[in-house]
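The structure appears right after this line, and notes come after that.
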Amino acid sequence: MPELPEVETVVRQFVPLLVGRRLTRIELLDDKLTLPPAICKTPRRVEAVERLGKQFVLRFGDGAPLLAVHLRMTGRLKWHNQPSAPDTAHLRARFILEHGEMLFYDLRRFGTLVVASSAEELAPKGLDPFDARFTPKWLFEQCQRTSQAVKPFLLRQDRLVGLGNIYCSEILYTARVDPERPCNTLTRAAVARIQRHTIEILERAIEHCGTTFSDFQDSRGEIGSYQAFLAVYGREGEACPSCGAAIRRIVQQQRSTFYCARCQR
DNA sequence: CTCGGAGCCTGTCTGC
DNA sequence: TGCAGACAGGCTCCGA
């Protein structure tokens with residue numbers, strides 16, 4: 001489910017709810033999730049809530065270890081401060097504070113909790129698209145090094161972090177680049193379009209609180225609205241908004257790719 | 001080093 | 001209605 005814009009949305013919503021507050025304990029409700037018992041039992045103050053790649057990260061005071069939540073496909077974080085008991089279906093962990101709790105739901109149980117002593121330890125290998133080093137020149141150099149098809153390349157988190165299956169299709173459509181084009185055959189101009197539209201599409205998705213299909217909900221259980229802007233993702237057979245040709249679906253590395261064969265070269 | 005495929009899970013949807 | 005199969009937004013591991 002969540003790609004960069006969805007994680008960024010959840011982080012921004014939790015900042016005012018958690019920062020400066022005291023996390024009293026963590027309850028794990030799924031055998032697959034493990035954390036050191038001391039981490040679960042020791043109360044500590046939340047110093048910051050941040051996004052690192054697609055990870056949701058809690059930073060604490062007193063040099064305490066950082067805690068990262070990776071939502072993977074179907075993870076959701078939801079704020080609960082009602083007197084009534086929360087919904088327990090697919091509830092995997094509860095982060096209990098004095099004024100409410102952050103609930104971690106995860107239908108498919110791919111999500112993970114990770115403890116790390118530093119942000120460096122958690123930081124993904126790839127560059128964040130909002131990092132100043134993410135330039136057309138940098139991306140062109142990365143592309144020159146591989147003959148991999150450009151769409152699976154953009155999905156790789158060890159080069160660029162944050163893009164998932166939805167936004168890769170949308171970026172390549174907007175940049176008018178064929179998803180099967182080997183990276184090292186792309187022109188500088190095409191790479192520059194990919195770079196520019198990556199930033200633009202992610203910014204716009206964040207403004208609209210992300211994309212919702214079925215699983216993504218933000219901290220209030222509400223849904224993002226960016227799906228209304230998707231030009232090709234999930235639209236096989238529909239008319240390309242630009243030329244009217246039927247949008248195609250192909251499979252690359254067992255993932256669906258949607259594109260317009262007439263517009264994207 | 002690169003690349004592609006299997007696997008992790010549980011649910012919904014489609015077609016017979 | 002029942003049932004099998006496809007499919008789902010992420011990522012890691014393994015072998016070629």
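Lettering follows sequence order; numbering is per chain, from 1. Quick note: numbers below take in every heavy atom, side chains included, and nothing from hydrogens, waters or symmetry partners. The structure displayed is predicted, hence computed values, not measured ones.
Nearest to the side-chain atoms of Ser256(A) among the listed nucleotides dG11(B), dC7(C), dG10(C) stands dC7(C). When each of dC11(C), dG9(C), dG11(B) is scored by its nearest atom to the side-chain atoms of Leu107(A), the top-ranked nucleotide is dG11(B). Taking every side-chain heavy atom of Arg72(A) into account, dC11(C) is the closest of dC11(C), dT2(B), dC3(B). Checking dG5(B), dC9(B), dG9(C) against every side-chain atom of Gln254(A), the shortest atom distance belongs to dG5(B). Candidate nucleotides dC11(C), dC3(B), dT10(B) were compared by shortest atom distance to the side chain of Ser147(A), and dC3(B) ranks first. Proximity note for Arg249(A) (side chain, C-beta onward) versus dT2(B), dG10(C), dC7(C): the nearest is dC7(C).
Between the base of dA8(C) and the side chain of Arg108(A) there is a donor-acceptor pair shorter than 3.5 Å.
Take the nearest nucleotide of DNA chain B for Arg92(A) and for Pro152(A): the residue whose nucleotide is more 5' is Pro152(A).
Residue Gln148(A) is in sugar-phosphate contact alone, with no base atom involved, counting any heavy-atom pair closer than 4.0 Å across all strands shown.
Judged by Watson-Crick or G-U wobble contacts below 3.5 Å, the nucleotide dC9(B) has no partner.
In summary, Glu101(A) and Arg94(A) engage in a salt bridge, as defined by a charged side-chain N under 4.0 Å from a carboxylate O.
Going from the P atom of dC13(C) to that of dC9(B) covers 14 Å, rounded to whole Å.
A centroid separation of 6.0 Å or more is found between the aromatic rings of Tyr259(A) and Tyr173(A).
Both stacking criteria are satisfied for Phe110(A) over the base of dC8(B): a centre-to-centre distance under 5.5 angstrom and an angle between ring planes under 30 degrees.
Aromatic ring orientation, Tyr226(A) versus Tyr167(A): tilted (interplanar angle from 30° to 60°).
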